[in-house]
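Chain letters run A, B, ... following the sequence lines, proteins first and then strands; every chain starts at 1.
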Amino acid sequence: MRDSVGAVARKQLPLRPAGPDTVAALLDWYDRERRDLPWRMRRGRRADPYKVWLSEIMLQQTTVKAVIPFYEKFLLRWPTVEALAAADLDDVLAAWAGLGYYSRARNLHKCAQVVVAEHGGRFPRTEAELGTLPGIGPYTAAAVAAIAFGEAATPVDGNIERVVSRLFAVRRPLPAAKREIKRLAESLTPQRRAGDFAQAMMDLGATVCSPKRPSCLVCPLQQDCHAHALGIEAQLPVKLARAERPVRFGTAFLALREDGHVLVRKRREAGLLGGMLEIPSTDWGDDWLQADLALVQQPVRADWWAVPGVVSHTFTHFRLELQLFRAIVPVDTSMTFWASPERCRWVPRHELSNAALPSVMKKAIAHALREH
DNA sequence: GACACGTGGAG
DNA sequence: TCTCCAAGTGT
């Protein structure tokens, strides 16, 4: 009842374009409702650029909840950009294991080294310079410039895209609308408190202006929102449908040595799960390999047992179905030609939890080691 | 512009 | 079960 009344009323309200009053309302809301996050300083304090940068890299396409434990772990282990630059890349990858998008970890490490080697350990202070560093794109350059250095830069992430597209009732579908949304966001960016403005927009998108059922009743920008006035807020932003996800199939081998070591292999540096560890497996193809053909690629000569069941894992652009083979082998076992011996190594079973194993591999290993 | 690139939680 | 999506970047 209240909804229908509200819908009628708000359609008759003449709306002005969002402007300085909108920004003021947003910043007031932010001062009241601001979330306490590990990388945020108290109100009015400028945050440590290293912490802002580290958190922003981790937050790329990743939820706050998932990031927090990783952020705490990294900061404890590498408290400064110098410490991170001096770290072994494999240690950084191992610490990143489970967070996904592993090229971020490589670029994080590379970026730290560039900051130390070419900038004396100080992050550049401008959006333009930040944008030249590895792993820092348009969003992150603007975010760090605004949040850490107070530059009036305008980061546009998924949250801000959503808030802006609703605020201005942008109906053009993404990604074609990106430029328009960026321009509109820039038109709101205040000279003072640009960092707070960006974080307020993102907080609003994360908590109030949510994708499915936005909480317009408690939104500080309700009076300024054209999508809400039109009753189309839940339909925005418009996104083009994604392509269907194909399925790929593979067979992986869990070799358990009699002294409790497991055979792992380092993946090549580029591409999917680049530089991370895996248990040796066949290529991932469009269909299952017959067991006898798969066994041709066994990493060590052994009496392989087909583990019942299949491990299924969904990546961004395909789903993987993994069949597992398991074998117990003597300590003097050597690699076969198929295993890329130079990339293989035996790891004590109890050290696997700290190794650079991506989630899909932890899942596969757990499945293969389970009692059946 | 299009596509590769992870993972886990929400609905 | 299944789709969507979360503080994007690199090619």
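Distance CG (A:L93) to P (B:dG6): 11 Å, rounded to an integer number of Å. The NE2 atom of A:H317 sits 11 Å away from the P atom of B:dT7 (whole-angstrom rounding). At whole-Å resolution of the value, CG in A:D157 and P in C:dT9 are 10 Å apart. Computed from coordinates, the A:F70 CZ to C:dA6 P distance equals 20 Å when rounded to whole Å. Rounded to whole Å, the distance from CG on A:L320 to P on B:dG6 is 13 Å. Nucleotide B:dC5 holds its C1' atom 10 Å from the CD atom of A:Q61, rounded to whole Å. Between the CZ atom of A:R268 and the C1' atom of B:dA4 there is a distance of 12 Å, rounded to whole Å. Rounded to whole angstrom, the span from the CZ atom of A:R245 across to the C1' atom of C:dC5 amounts to 11 Å.
A distance of about 22 Å separates the P atoms of C:dT9 and B:dG8, rounded to the whole Å.
When the nucleotides B:dG9, C:dG8, B:dT7 are ranked by their closest atom to the side chain of A:P358, B:dT7 comes out on top. Of the candidates C:dC5, B:dG1, B:dT7, the closest approach to any side-chain atom of A:K239 belongs to C:dC5. Candidate nucleotides C:dC5, B:dG8, B:dG6 were compared by shortest atom distance to the side chain of A:Y102, and B:dG6 ranks first. For A:T316, the side-chain atoms get nearest to B:dG6 when compared with the rest of C:dG10, C:dA6, B:dG6. Taking every side-chain heavy atom of A:P211 into account, C:dA6 is the closest of B:dT7, C:dA6, B:dG6. Of the candidate nucleotides B:dC5, B:dT7, C:dT9, B:dC5 has the atom nearest to the side chain of A:L272. When the nucleotides B:dG8, C:dC4, B:dG6 are ranked by their closest atom to the side chain of A:S359, B:dG8 comes out on top.
Backbone-only contact: A:A176 has heavy atoms under 4.0 Å from sugar-phosphate atoms and none from a base. Nucleic acid contact for A:I136: sugar-phosphate only, since backbone atoms but no base atoms lie under 4.0 Å from a heavy atom of the residue. Residue contacts for A:L37: at a heavy-atom cut-off of 4.0 Å it reaches a base atom on one of the strands shown. A:G98 comes within 4.0 angstrom of sugar-phosphate atoms only, judged by non-hydrogen atoms across all strands, and of no base. Among the protein residues, A:W53 comes within range of no part of the nucleic acid, since none of its heavy atoms lies under 4.0 Å from any strand. Residue-level contact check: A:L99 touches the bases, meaning some heavy atom is under 4.0 Å from a base atom. Here A:R35 lies in heavy-atom contact (under 4.0 Å) with a base. Backbone-only contact: A:P134 has heavy atoms under 4.0 Å from sugar-phosphate atoms and none from a base.
Remark: A:H313 is not in phosphate contact with B:dG6, judged by side-chain N or O atoms under 4.0 Å from OP1 or OP2. A sub-4.0 Å separation between OP1 or OP2 of C:dT9 and a side-chain N or O of A:T140 is present. In this model, the phosphate group of C:dA6 is approached by a side-chain N or O of A:R162 to a distance below 4.0 Å at OP1 or OP2.
The aromatic rings of A:F74 and A:W96 sit perpendicular, their planes meeting at an angle over 60°, well past the 30° parallel limit.
Take the nearest nucleotide of DNA chain C for A:G135 and for A:I147: the residue whose nucleotide is more 5' is A:I147. Nucleotides of DNA chain B nearest to A:S103 and A:P175 differ in position, and the one nearer the 5' end is that of A:P175. Map A:R213 and A:M361 each onto its nearest nucleotide of DNA chain B; the residue landing nearer the 5' end is A:M361. Residue order along DNA chain C, read from the 5' end via each residue's closest nucleotide, puts A:T314 first among A:T314 and A:A206.
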Side chain to side chain donor-acceptor pair (under 3.5 Å) assessment of A:Q298 paired with A:W304: CA-CA 9 Å; A:Q298 60 187 270; A:W304 291 97; 3.2 Å; yes

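A salt bridge links A:K178 and A:E161; the closest N-O separation between the charged side-chain nitrogens and carboxylate oxygens is under 4.0 Å. Note on A:R267 versus A:E278: salt bridge recorded, some NZ/NE/NH1/NH2 to OD/OE distance being below 4.0 Å. A salt bridge is defined here as a Lys NZ or Arg NE, NH1 or NH2 lying under 4.0 Å from an Asp or Glu carboxylate O, and A:D31 with A:R193 meets this definition.
A donor and an acceptor atom sit less than 3.5 Å apart, one in the side chain of A:Y101 and one in the base of B:dG6.
Two residues are said to be in side-chain contact when any heavy atoms from C-beta on lie closer than 4.5 Å; A:V64 and A:W39 meet this criterion.
With ring centers used as reference points, A:F315 lies under 6.0 Å from A:H313.
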